[in-house]
**Student:** 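I am attaching a structure below and will ask some questions about it afterwards.
Every chain is numbered from 1, with letters handed out A, B, ... down the list of sequences. All values reported here derive from a predicted model rather than from experimental measurement.
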Number of protein chains: 2
Amino acid sequence: MHSFTEENYLKTIYYLAARQEGEVTTNSLAEMTATKAASVSDMLRKLAEKQLIHYKKYQGVRLTEEGERLALKVIRRHRIWEVFLAEKLGFGWDEVHEMAEELEHIRSEELVRKLDAFLGYPQFDPHGDPIPTPAGQMPTVEYTKLSEVTVGAEVQVMGVLEHSPEFLQHLDKTGLNLGCRVLVQDVNAFDKSVSVQINHQKTLFVSNEVARNLLVN
Amino acid sequence: MHSFTEENYLKTIYYLAARQEGEVTTNSLAEMTATKAASVSDMLRKLAEKQLIHYKKYQGVRLTEEGERLALKVIRRHRIWEVFLAEKLGFGWDEVHEMAEELEHIRSEELVRKLDAFLGYPQFDPHGDPIPTPAGQMPTVEYTKLSEVTVGAEVQVMGVLEHSPEFLQHLDKTGLNLGCRVLVQDVNAFDKSVSVQINHQKTLFVSNEVARNLLVN
DNA sequence: ATAAAAATTTAGACTAGTCTAAAAATTTTT
DNA sequence: AAAAATTTTTAGACTAGTCTAAATTTTTAT
């Protein structure tokens, strides 16, 4: 078995590798896990010994197959619990992450299987992120950032790139929920802000900052 | 906040105090927590410093009001999660305890409140144990051991004193489930085993060992 | 190509929780 | 009431994960 802490490192390495290209650095891991680079170095040595990562000193880090398998298992648990919290208990998408950070470490395999069945085998978590398969595959999704949609197109909000409660609460306030239809009316040439019509009703101005973090199809 | 480990000690002290009379001893705690007496001594000093227990060296231990409040909170979480696992996910009453041992330490208050509501504010866990109130009171229940019921009486199975999977699986096998009606037909004078009729149907012999661990009303 | 800056690792220390072995206190037996 | 047995506590050590400070390696800038 692997510790709570090891699971968190693996998960974080996976996320950073997916978001950046190239190797994952010690410093970026330190920032993400809210620890210091020295602590990360120690842990990397340990994970490398256990063959969960490829690691050469000073050269950054990459998950081994086994490491990735474990990371995806943790991410799967996390996202399934998020669905439970949102769909069954009525938590907002801005509230579920923190609790799922704890729930993802509950060990029983059977628990995740049954929870998955109870939820009807969901494909996506409340933020639109795909749930890894039981076999340990991350489903590929092809979404576009709202900031890159051409004027006149009508698209649907499918996910977010930024997951902070503040951002999600902002979306709630403006009505930009998952699944809502967005017609791009105009792009401001100066600040790249976007004028959109939501669900064929109200018109809204969306800053480029927000548009870059909204995934649509 | 209190650590996972501290919560476990408080919970265990509560259970031991409820089951024995008098003070809870270092050795009994060591046995229950599967550690050594030396480790328990250390932890007791720490819990006493935090005013969660009354503790005089060599004299055993008793929860303070605050300590009991915390213990009951943990027990409440444990039992609510057990209800979820059994009722919603379909786990057997012999399977839920182990998972609940982990789930009981998830920190969010709001989570327990919402889970409780989702489950319809259950009063009892899958073993018939009462769920402490949100205010931190342990409901009193007055059950009798099946071994003490007089011949001719008809009673209902309300709970168990022994919680091991083996015992619970044995009850499953013989059909002695929670809520089932039991008519005491005869008590064997030699070994105190009991002859009972279940739900007005099949007749069964129940050893004294089993009868002593079955709670009825 | 070297110096300066930045990133990373090592060294040594700390905390929580555990252990074994030894010491001290309490309880039981005679 | 003293001796023996039992229980409990203390002392000192270990592990996982963290930290700061110092040393080392890599990268960037001149």
**Student:** Which nucleotide in the set dT24(D), dT18(C), dT18(D) lies at the smallest distance from any side-chain heavy atom of Y58(A)?
**Tutor:** dT24(D)
**Student:** List the atom of D125(A), the atom of L178(A), and the distance in Å for their closest heavy-atom pair.
**Tutor:** O-CD2, 4.4 Å
**Student:** Rounded to whole Å, please give me the gap between NZ in K56(A) and C1' in dA7(C).
**Tutor:** 18 Å
**Student:** Evaluate whether atom CD of Q137(B) has more than 12 neighbouring non-hydrogen atoms of other residues, nucleotides or ligands under 6.0 angstrom away.
**Tutor:** no
**Student:** For dA16(D), which nucleotide is its Watson-Crick or G-U wobble mate, given both distances must be under 3.5 Å?
**Tutor:** dT15(C)
**Student:** Whole angstrom is fine here: how far is it from NZ in K57(B) over to C1' in dA24(C)?
**Tutor:** 10 Å
**Student:** Nearest to the A37(A) side chain among dC19(D), dT9(C), dC19(C), which nucleotide is it?
**Tutor:** dT9(C)
**Student:** Taking 4.0 angstrom as the limit, do R107(B) and E7(B) come out as a salt bridge?
**Tutor:** yes
**Student:** Does the side chain of K36(B) get closer than 4.0 angstrom to OP1 or OP2 of dT18(C) through an N or O atom?
**Tutor:** no
**Student:** Are any of T26(A)'s side-chain N or O atoms less than 4.0 Å away from OP1 or OP2 of dT9(C)?
**Tutor:** yes
**Student:** What integer distance in Å separates F4(A):CZ from dA16(D):C1'?
**Tutor:** 14 Å
**Student:** Would you say a side-chain N or O of T35(A) is under 4.0 Å from OP1 or OP2 of dT18(D)?
**Tutor:** no
**Student:** Between E82(A) and R79(A), does the salt bridge (Lys or Arg N to Asp or Glu O under 4.0 Å) criterion hold? Intermediate values first, please.
**Tutor:** CA-CA 5 Å; E82(A) 285 193 340; R79(A) 292 182 178 173; 5.8 Å; no
**Student:** Is dT29(C) paired to anything, Watson-Crick or G-U wobble with both distances less than 3.5 Å, and if yes, which nucleotide?
**Tutor:** dA2(D)
**Student:** Return whichever of T5(A) or A38(A) has its heavy-atom-nearest nucleotide of DNA chain D closer to the 5' end.
**Tutor:** T5(A)
**Student:** Roughly, in whole Å, what's the span from CD in E31(A) to P in dA7(C)?
**Tutor:** 11 Å
**Student:** In whole Å, I'd like the distance from the CD atom of E23(B) to the P atom of dT27(C).
**Tutor:** 12 Å
**Student:** Taking only the side-chain heavy atoms of M43(B) (C-beta and beyond), determine which of dT24(D), dT18(C), dT18(D) contains the nearest atom.
**Tutor:** dT18(C)
**Student:** Please state whether the phosphate of dT9(D), meaning OP1 or OP2, lies under 4.0 angstrom from any side-chain nitrogen or oxygen of Y55(B).
**Tutor:** yes
**Student:** Would you mind reading off the distance between D42(A) atom CG and dC19(D) atom P, rounded to a whole angstrom?
**Tutor:** 11 Å
**Student:** What do the steps show when you test K73(B) against E109(B) for salt bridge (Lys or Arg N to Asp or Glu O under 4.0 Å), and what is the final call?
**Tutor:** CA-CA 10 Å; K73(B) 212 174 206 171; E109(B) 299 265 332; 3.0 Å; yes
**Student:** Check the distance between dA24(C)'s P and R45(B)'s CZ and give it to me in whole angstrom.
**Tutor:** 18 Å
**Student:** May I ask you to verify if any side-chain N or O of S41(B) is less than 4.0 angstrom from the OP1 or OP2 atom of dT8(D)?
**Tutor:** no
**Student:** Looking at dC19(D), dT10(C), dT8(C), which one has an atom nearest to any side-chain atom of N27(A)?
**Tutor:** dT8(C)
**Student:** Between dA16(C) atom C1' and L47(B) atom CG, what is the distance in whole Å?
**Tutor:** 13 Å
